[in-house]
Amino acid sequence: IMAGTATCFYAFVGFDVIAASSEEARNPQRAVPRAIAFSLGLATGAYILVSVVLTLMVPWHTLDPDSALADAFYRRGYAWAGFLVAAGSICAMNTVLLSNLFSLPRIVYAMAEDGLFFQVFSRVHPRTQVPVVGIVVFGLLM
């Protein structure tokens, strides 16, 4: 149960980016709930469709749990498609890092403004109004 819960939690990680960027929206009371519902719906639909495709391609008990989608294509004789799926997984991991690089400095900025984190992270660039110190520090750490 814990492994399944962790998998489901990881599948929907990243929606905090919407909340972190909500202060940049024109009408956040309307836009943020819609954005969260729309993106959750897209992600859920994508996961359901991929699981349906996997179920129809090969028996579930023969799949490699670490790379089920790529393994399904390899087992059906489409090695090129398995390679594309594996390459897409690597690109998706980089996308997660970039989305974290978008939201993390803003969250740290808000914490620094409230006195919960180091004050150096509360400085913003005078022209662009972005927390440059947080972007540089957390960009290097990532």
### Query
CG/L84 to CG/L69 distance, rounded to the nearest 0.5 angstrom?
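Result: 11.0 Å between the selected atoms.
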### Query
Roughly how far, to the nearest 0.5 Å, is the CG atom of L140 from the CG atom of L101?
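Here the rounded value is 9.5 Å.
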For [X] and [Y], work out which heavy atoms get closest and say how close.
X	Y	value
A70	G82	CB-O, 3.7 Å
A72	V58	CB-CG2, 4.0 Å
R76	M57	CD-O, 3.4 Å

Please tell me whether [X] and [Y] are part of a single hydrophobic cluster in this structure, the criterion being side-chain heavy atoms less than 4.5 Å apart.
X	Y	answer
V136	M142	no
I135	I107	no
V132	F138	no

Distance-only donor-acceptor pairs under 3.5 Å for side chains of residues 41-51, two or more places apart:
from : atom 1 : to  : atom 2 : distance (Å)
T44  : OG1    : L40 : O      : 2.8
Y47  : OH     : A11 : O      : 3.3
S51  : OG     : Y47 : O      : 3.3
S51  : OG     : I48 : O      : 2.8

### Task
Would you please test L63 and L54 for side-chain contact (heavy atoms from CB on, under 4.5 Å) and show each step?
CA-CA 9 Å; L63 291 172; L54 276 175; 4.2 Å; yes
Apply side-chain contact (heavy atoms from CB on, under 4.5 Å) to [X] and list each qualifying residue two or more places apart in sequence or on a separate chain.
X	result
A79	Y74
T95	none
V32	I18, S22, P28, I36
D66	D64

### Query
What residues form a salt bridge (charged side-chain N to carboxylate O under 4.0 Å, His left out) with R34, not counting sequence neighbours?
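Result, salt bridge (charged side-chain N to carboxylate O under 4.0 Å, His left out) vs R34: none returned.
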### Task
Return each pair, listed once, that meets ring pair (Phe, Tyr, Trp, His ring centres under 6.0 Å) where at least one residue sits in residues 50-73; pairs must be two or more places apart or across chains.
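Counting only pairs at least two positions apart or across chains, no ring pair (Phe, Tyr, Trp, His ring centres under 6.0 Å) contact touches residues 50-73.
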### Query
Does any non-hydrogen side-chain atom of N94 lie less than 4.5 Å from one of L98?
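They are not in side-chain contact.
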### Query
Do V130 and R106 touch side chain to side chain, with heavy atoms closer than 4.5 Å?
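Sidechains of R106 and V130: in contact.
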#### Entry: Residue F102 excluded, over 12 heavy atoms near CZ under 6.0 Å
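Yes, enclosed.
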### Query
Can you list every salt bridge (Lys or Arg N to Asp or Glu O under 4.0 Å) pair that touches residues 88-105, not counting sequence neighbours?
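Not a single pair qualifies under salt bridge (Lys or Arg N to Asp or Glu O under 4.0 Å).
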### Query
If you look only at pairs with a residue in residues 123-138, which of them pass as a side-chain hydrogen bond (donor to acceptor under 3.5 Å, both in side chains), with sequence neighbours excluded?
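Applying side-chain hydrogen bond (donor to acceptor under 3.5 Å, both in side chains) to every pair that reaches into residues 123-138, excluding sequence neighbours, yields H125-T128.
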#### Entry: With R75 via side chain to side chain donor-acceptor pair (under 3.5 Å) - residues at least two apart
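Scan of R75 (side chain to side chain donor-acceptor pair (under 3.5 Å), adjacent residues dropped) gives D71.
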### Query
With sequence neighbours left out, what residues match T5 under side chain to side chain donor-acceptor pair (under 3.5 Å)?
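So T5 forms no side chain to side chain donor-acceptor pair (under 3.5 Å) with any residue.
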Result block: side-chain N/O donor-acceptor pairs under 3.5 angstrom for residues 109-122, not counting sequence neighbours:
from : atom 1 : to   : atom 2 : distance (Å)
Q119 : NE2    : A112 : O      : 3.0
S122 : OG     : Q119 : O      : 2.6

